[in-house]
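Residue numbers start from 1 in every chain, and the chains themselves are labelled A, B, ... in the order their sequence lines are given, proteins ahead of strands.
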Amino acid sequence: MILNVLAVAGLELRLGIRNRWVVLSIAILTLFAGILTFVGSAPTGTVGVDRLTVTAASLATLSVYLVPLIALLLAFDTIAGEIDRGTLQLVLACPVSRFEVLAGKFLGHVVVLSIAIIVGYGLSGGVVAATSGNGTAGAGTFARLVLTSILLGAAFLAVGYLASALVRQTGTAAALAVGIWLIAVVLYDLGLLAALVADQDGSFSKTLFPWLLAASPGDAFRLFNLATLGDAAALTGMAGIAEALPFAPVAVLGSLAIWLVAAFSCAFLVFRRVEP
Amino acid sequence: MTLALETRSVSRDFESRRVVDAVSLSVAAGEKVALLGHNGAGKTTLFKMILGFLKPTIGELTVDGHLPGTGTARRAVSYLPENVTFQKTLTGREIMRFYARLKRADRAQADRLLDRVGLGAARDRRVGTYSKGMRQRLGLAQALIGTPKLLLLDEPTSGLDPISRHEFYDIVAEIAGRGSAVFLSSHSLTELEAKTDRVAIMRSGKLVADAPLAKLRADAGLPIRIRVEHASGDIDEMAARLGGRRVNGRSVEILCEADRKLDRLNAIGALGAAVTDIDVTPPSLEDVYRYFSSVEDEGVSS
């Protein structure tokens with residue numbers, strides 16, 4: 001079992017490196033993180049918060065957009081593409097179960113994603129820590145950001161597998177992945193914003209809104225990272241958010257975990273019925 | 001001893017259409033069997049049932065005595081799909097080692113197989129740079145990993161040039177010689193001459209023939225074509241005497257059953273110097289295939 005999972009994961013990692021996915025993801029994350037860190041943090045020198053925490057706050061917002069996109073792009077081809085190439089028939093003719101195949105792909109892709117996030121964000125964080133003067137203060141916040149970014153990516157990998165298993169054509173799967181990204185990180189938030197604006201007496205914003213926010217993986221991720229910033233939360237416009245929530249900020253990580261498990265289970269159930 | 005492959009009255013429906021219809025056949029260890037049929041005759045569906053990707057609607061089949069799709073059956077069978085295109089950015093050796101890991105075979109065997117199919121020099125090149133023939137040979141090498149009991153090859157020689165095709169069948173013969181059963185599909189009977197022990201032909205989902213090539217030839221009962229060239233004189237009169245048909249001013253064509261061939265040749269010999277040349281053509285394999293795959297279409301549907 002574990003040997004098969006490792007074999008599939010190893011191949012995906014090799015493919016990720018060979019297809020330049022790893023390099024490309026690192027480049028994108030480093031570029032955007034660099035811009036946000038050095039352009040965005042210039043005016044915060046005097047607020048009394050260490051710069052690493054400020055950087056983490058900027059990168060949290062960046063992660064919400066970029067990490068799901070990278071994860072979906074890694075995942076959309078994984079089943080539909082192998083059907084197209086005929087390699088899924090080959091793999092499934094081998095003595096390996098479909099769960100092992102999907103789990104192996106997931107493991108391989110999580111490693112690819114982790115390398116990209118750790119290197120991409122680590123470069124910015126390292127430079128900030130080395131130049132800011134207050135050293136490794138805020139390192140905990142930064143590590144939390146990196147780990148939850150990986151969790152966010154893992155949830156969207158599973159969503160991407162579901163999309164890939166539902167359609168047989170790579171092109172359709174790609175379109176579906178882009179659509180999912182658009183809805184999950186852009187349109188859903190716009191909808192919530194519209195509801196807040198329309199909400200005259202504030203009952204929506206007090207009751208339903210926090211739950212709807214936590215239900216979206218991207219918002220749950222942002223909520224957790226910004227609410228746990230401590231003093232620096234004041235800088236993000238999210239001050240006091242932790243007190244306003246009807247649940248502890250850590251609990252929203254449960255939303256990410258539920259998304260991950262539910263999407264992966266659905267992807268597996270659909271994949272089990274796929275005729276290669 | 002257990003048969004490498006056995007199907008017992010296997011049928012498969014897609015919606016209400018019967019794609020495979022009561023097919024019973026078997027392949028024993030060391031035997032090479034070819035499955036022929038037009039596109040859509042049901043060959044690929046039968047293969048997918050052997051691999052356990054599809055369940056038969058009726059009937060059952062076993063691979064090395066086990067139900068398809070079970071771990072034991074999948075360890076026994078090895079498959080080469082039609083038109084497989086591997087991940088272009090990986091090298092031949094990387095792909096071989098991946099499948100060797102899944103099949104629990106050792107790396108050294110994977111490397112040896114690459115040499116055996118003539119890809120030793122290209123093993124560290126990316127598959128994207130391979131020609132179609134090389135990709136097909138990589139596919140065959142992949143299928144040979146772990147010395148399978150049943151080798152299932154879907155149109156393995158389509159798109160190969162005659163020399164690669166010849167080498168391909170050499171390797172297949174070698175594998176069968178070591179005791180693996182080989183079940184392969186093909187479009188063309190001509191290329192199979194003397195390459196397989198038996199030929200099975202499917203038409204519209206039904207198995208219409210399953211016998212050695214010589215027996216199929218005899219069963220078809222197709223006439224032998226004798227062409228006689230006349231030196232001079234009345235060609236029409238000669239055609240009438242030999243019971244043939246004139247094809248031009250100097251030649252007569254006679255169709256005769258296999259068992260009457262010598263009578264006819266004696267009759268022609270009796271004409272002496274009037275005959276300048278004789279050409280005897282047995283029915284071609286293409287004729288035999290066409291006979292089985294297209295006749296009685298009108299009678300069979302009911």
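Of the inter-residue distances, the one linking B:Tyr99 atom OH with A:Thr87 atom OG1 reads 5.5 Å to the nearest 0.5 angstrom. Between atom CG of residue A:Leu90 and atom CD of residue B:Gln142 there is a gap of 4.5 Å, rounded to the nearest 0.5 Å. Separating the CG atom in A:Asn19 from the NZ atom in B:Lys88 is a distance of 11.0 Å, to the nearest 0.5 Å. Atoms CZ and CD1, from A:Arg14 and B:Ile95 in turn, are 11.0 Å apart once rounded to the nearest 0.5 Å. Remark: B:Glu94 CD to A:Leu15 CG distance equals 8.5 Å, nearest 0.5 Å.
More than 12 heavy atoms of other residues, nucleotides or ligands lie within 6.0 Å of CZ in B:Arg104, so this atom counts as buried by the packing criterion. The local environment of CZ in A:Phe99 is sparse, with at most 12 non-hydrogen atoms from other residues, nucleotides or ligands closer than 6.0 Å. Around atom CZ of A:Phe32, no more than 12 heavy atoms belonging to other residues, nucleotides or ligands sit under 6.0 Å away. For A:Arg20, the CZ atom counts as loosely surrounded, since its 6.0 Å shell holds 12 or fewer non-hydrogen atoms of other residues, nucleotides or ligands. Heavy-atom contacts from other residues, nucleotides or ligands closer than 6.0 Å to CH2 of A:Trp181 number more than 12.
Among A:Ser97, A:Cys94, A:Gly86, the residue with the largest count of heavy-atom pairs under 4.5 Å with chain B is A:Cys94. Looking only at heavy-atom pairs under 4.5 Å with chain A, the residue among B:Leu152, B:Thr72, B:Leu54, B:Val77 that has the most is B:Leu54.
Only the side chain of A:Glu82 comes within less than 4.5 Å of a heavy atom in chain B; its backbone stays farther off. Residue contact with chain A, scored on non-hydrogen atoms closer than 4.5 Å, involves the backbone and the side chain of B:Leu90 alike. Proximity to chain B involves both the backbone and the side chain of A:Leu92, based on heavy atoms less than 4.5 angstrom apart. Only the side chain of B:Arg126 has a heavy atom closer than 4.5 Å to any heavy atom of chain A. Using a 4.5 Å cut-off between heavy atoms, A:Val274 does not touch chain B at all. If you measure heavy-atom distances from B:Leu51 to chain A, the contacts under 4.5 Å come from the side chain alone.
Listed for the A:Arg18 side chain is a donor-acceptor partner under 3.5 Å among the backbone atoms of B:Thr89. No donor-acceptor distance shorter than 3.5 angstrom exists from the side chain of B:Arg101 to the backbone of A:Asn4, with no hydrogens or angles considered. Looking only at distances, a side-chain donor or acceptor of B:Lys48 sits under 3.5 Å from a matching main-chain atom of A:Pro276.
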>> Run A:Arg85 and B:Val84 through side-chain contact (heavy atoms from CB on, under 4.5 Å) and show every step you take.
In response: CA-CA 6 Å; A:Arg85 284 191 294 272; B:Val84 60; over 6 Å; no

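The two residues A:Glu275 and B:Phe53 come nearest to each other via the heavy atoms CG-O, 4.3 Å. The shortest non-hydrogen separation linking B:Gly71 to A:Pro95 is O-CB, 4.4 Å.
Using a 4.5 Å cut-off on side-chain heavy atoms (C-beta onward), A:Asp84 and B:Thr85 make no contact. Counting heavy atoms from C-beta outward, B:Tyr79 and A:Gln89 have side chains that approach closer than 4.5 Å.
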